[in-house]
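Working notes, beginning with the structure itself.
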Amino acid sequence: MNFYSQLIQKIDEKKANIGVVGMGYVGLPLAVEMVKSGFTVCGIDLSEDKINQLKKGHSYIQDVSHEEMEEVISSNRFLPTTDYEAVKELDAISICVPTPLSENQDPDTSYITGVINSIKPHMKKGTLITLESTTYPGTTEELILNEFTKMGYEAGKDFFLCYSPERVDPGNEKYNTQNMPKVIGGTTEKCTELGVKLYSHYVGNVVPVSSPKVAEMSKLLENTFRSINIAFVNEIAMMCERMDIDVWEVIDAAATKPFGFMKFQPGPGIGGHCIPLDPMYLSWKAKGYRFYSKFIDLAQSINNNMPDVVVSKTSQVLNLDGKSINRANILILGMAYKPNVADLRESPGLYLYELYKENGANVQYLDPHAQSFIDDSGDVVHSVPYIEDQLKQYDCMVLVTNHGDFDYDQLANLGVPIVDTRNAFKDYDQQHIHKLGTSSKVFDRQDSVAL
Ligand code: SAJ
């Protein structure tokens, strides 16, 4: 019996031993779903701490509850380990490791390469490898297929290779690993068939495509689409500032169109582990084909300039009271990259913090979720406590992340000037509240202090 038929049979009988490399916000939920569907799963990670926590049934991932972890551990079918020796027992391996950007904004695929180098000495023939990390078209062939071909393996015969982009949205109550449609593309038809058969056990809707490149490109299209549309609505916001039109009212009006329009909202910039990075993977790879994506680079420059736009607006707002940013007491409300999470990765609030400091402000921040961060000078910066009387001392508060647990009523009624970058104060039509995308010039205000 050939490796393909053997693996088909093992998957059908749920006797295939599966490995997931990378026990993060993608890999751990995936491993949990695999165990729940009846497979024996080896969770591999370099972090001793993560593995020790998993062995004790502790979850450090928001979307995996302690109860789920305990259920998985007590099944005796989840084996967390740091030891790649475990690979030799595996029939299928899903790779879910980070794909960050390097210092000069180029793709950093060193985590993928590191995993492949660790797998190669132990992997048995007939194994199915599926890469899930978001990456540029061609990665699966260049960094994985070529490595095993050099060892004399033939894809679709001696081993099987797929790409299936992760679509995990941490904290999303509606979509999870099990019900999120999953695109998968194999190097050969047999590879795709095996990938579809295996993933169909723990993902409700598996979408086969003709190659890893199509699957790689589809993920980058999804997130580049977001980056470009966010940049476009940020540009509309700046246009509305200039034209003295309320951009938020404009967007709400446009969003009444039931087709042909998708609502995006202006903001202080883009953060997170996906949107700031994924488009750069695509534009970088395209340049290798002498294709220069104007949309991607323009979107990146507009979005990355939004913190500077917010600083300029803050300056206008302080100016209304005859003040400047220099020596002003400024409080950033919300530092995380999106509401109700503690995740600070690429958060625009972090850039804003540094810009205010550079402009001489005494800047602090308040975030009930993100308790502290390390600033550019290496100092630990802690969130200030939520003490109403102390909030009155600020010359300006800048709402960067509209966490659900802020008391907007109380904040609005402090009377402290507010720069609102998220329309979080949409229900408060007070002169001291200045929304991004509306005018804050002196001549537009009735109450400005005429010096
Ligand atoms: N943002 C705006 N305006 C918008 C939407 C987002 O300024 O209209 C900002 C956010 O404040 C944030 C950044 O962009 O700083 C990214 O926001 P996001 O809503 O895209 O959230 P992410 O980074 O968690 O993106 C993830 C992605 N999921 C995956 O890559 C698997 C993305 O594809 C999802 O569409 C997104 O979650 C989602 O919709 O929640």
Side-chain angles (χ1 to χ4, degrees), residues 24-27 29-30 61-63 96 98-101 132-135 164-177 179-183 203 215-238 247-248 250-252 254-255 261-282 299-300 302-307 309-310 332-352 367 369-370 398-404 420-424 435-437:
Y25 74 88
V26 175
L30 178 63
I61 296 292
Q62 170 186 1
D63 293 341
C96 308
T99 42
L101 288 176
E132 293 218 359
S133 309
T134 303
T135 186
S164 179
E166 59 91 0
R167 277 178 166 172
V168 175
D169 179 25
N172 192 318
E173 302 284 324
K174 186 176 176 190
Y175 296 109
N176 55 46
T177 300
N179 67 13
M180 175 72 83
K182 198 88 168 47
V183 171
V203 171
E216 288 160 339
M217 189 66 159
S218 70
K219 173 63 188 284
L220 294 182
L221 172 60
E222 287 166 19
N223 284 354
T224 304
F225 166 81
R226 280 186 79 73
S227 169
I228 286 171
N229 279 284
I230 292 165
F232 175 57
V233 80
N234 281 330
E235 183 174 80
I236 294 290
M238 291 184 278
V247 72
W248 304 94
V250 167
I251 292 167
D252 285 346
F261 180 78
M262 188 171 175
K263 183 174 183 177
F264 286 86
Q265 303 192 91
I270 55 172
H273 47 276
C274 308
I275 309 307
L277 282 69
D278 299 354
M280 301 308 284
Y281 267 69
L282 183 55
Q300 208 69 12
I302 290 174
N303 288 331
N304 289 346
N305 187 53
M306 287 313 289
V309 169
V310 174
I332 293 174
L333 294 170
M335 190 57 81
Y337 85 88
K338 69 178 188 180
N340 311 320
V341 299
D343 198 335
L344 286 167
R345 278 174 293 186
E346 301 296 318
S347 177
L350 298 171
Y351 299 106
L352 259 175
D367 190 312
H369 299 269
V398 185
L399 190 285
V400 168
T401 305
N402 44 331
H403 288 308
D420 177 5
T421 72
R422 300 288 188 180
N423 199 27
K435 295 189 291 187
L436 179 69

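Read the numbers this way: they start at 1 and go in the same order the structure lists the ligands and their atoms. For reference, positions follow the sequence shown, starting with 1.
- Contact annotation: for K219 versus ligand 1, heavy atoms closer than 4.0 Å belong to the side chain alone.
- Per-residue contacts place I275 under 4.0 angstrom from the following atoms of ligand 1 (heavy atoms of the residue considered): 16 (C), 20 (O), 23 (O).
- Applying the 6.0 Å contact sphere to OH of Y175 captures no more than 12 heavy atoms from other residues, nucleotides or ligands.
- No part of N172 comes within 4.0 Å of ligand 1, judged by heavy-atom distances.
- Looking at K338 next to ligand 1, an N or O pair under 3.5 Å apart turns up.
- Heavy-atom contacts of F264 reach the following atoms of ligand 1: 8 (O) (cutoff under 4.0 Å).
- If you look at R226 next to ligand 1, the close heavy atoms, those under 4.0 Å, all belong to the side chain.
- Using a distance-only test at 3.5 Å, with no hydrogens or angles considered, a donor-acceptor pair links the side chain of K219 to the main chain of E166.
- Not a single donor-acceptor pair under 3.5 Å links the side chain of D63 to the backbone N or O of V26.
- The protein heavy atom nearest to atom 3 (N) of ligand 1 is Q265 O, 2.7 Å.
- In this structure the side chain of M238 never reaches within 4.5 angstrom of the side chain of P266, judged on heavy atoms.
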Would you tabulate the side-chain donor-acceptor contacts of residues 334-343 under 3.5 Å, counting partners in other chains and residues two or more places apart, or write 'none'?
residue	atom	partner	partner atom	Å
K338	NZ	D169	OD1	3.0
N340	OD1	G404	N	2.6
D343	OD1	R345	N	2.9
D343	OD1	R345	NE	3.1
D343	OD2	R345	NE	3.2
D343	OD2	R345	NH2	2.7

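- Given atom 26 (C) of ligand 1, the protein heavy atom at minimum distance is D169 OD1, 3.8 Å.
- For L101, the side chain to side chain contact (heavy atoms under 4.5 Å, CB included) criterion is met by Q105, L277, M280, Y281, not counting sequence neighbours.
- Of the residues L399, V400, N402, the one that meets the side chain to side chain contact (heavy atoms under 4.5 Å, CB included) test with D420 is L399.
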What's the verdict on side-chain contact (heavy atoms from CB on, under 4.5 Å) for L436 and M306, showing C-alpha distance, side-chain angles and the deciding distance?
CA-CA 10 Å; L436 179 69; M306 287 313 289; 4.1 Å; yes
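- Residue-level proximity to ligand 1 for R422 is carried by the side chain, the only part with a heavy atom below 4.0 angstrom.
- Using modelled atom types, no side-chain atom of N303 and backbone atom of Q300 make a donor-acceptor pair closer than 3.5 Å.
- Remark: minimum distance from atom 23 (O) of ligand 1 to any protein heavy atom is reached at Y337 CE1, 3.4 Å.
- Under a 3.5 Å cut-off, the side chain of S218 and the backbone N or O of A215 do form a donor-acceptor pair.
- Both the backbone and the side chain of I270 come within 4.0 Å of ligand 1, judged by heavy-atom distances.
- The protein heavy atom nearest to atom 33 (O) of ligand 1 is N223 OD1, 2.5 Å.
- Nearest protein neighbour of atom 1 (N) of ligand 1, counting heavy atoms only, is I230 CD1, 3.6 Å.
- Classified by interplanar angle (parallel below 30°, tilted 30° to 60°, perpendicular above 60°), the ring pair F225/F264 is perpendicular.
- Given atom 28 (N) of ligand 1, the protein heavy atom at minimum distance is V168 O, 3.9 Å.
- Close approach of ligand 1 to E166 (heavy-atom distance below 4.0 Å) involves ligand atoms 31 (C).
- The shortest N or O to N or O distance between G271 and ligand 1 is under 3.5 Å.
- Counting atoms of ligand 1 from 1 in the listed order, those under 4.0 Å from a heavy atom of R167 are 31 (C).
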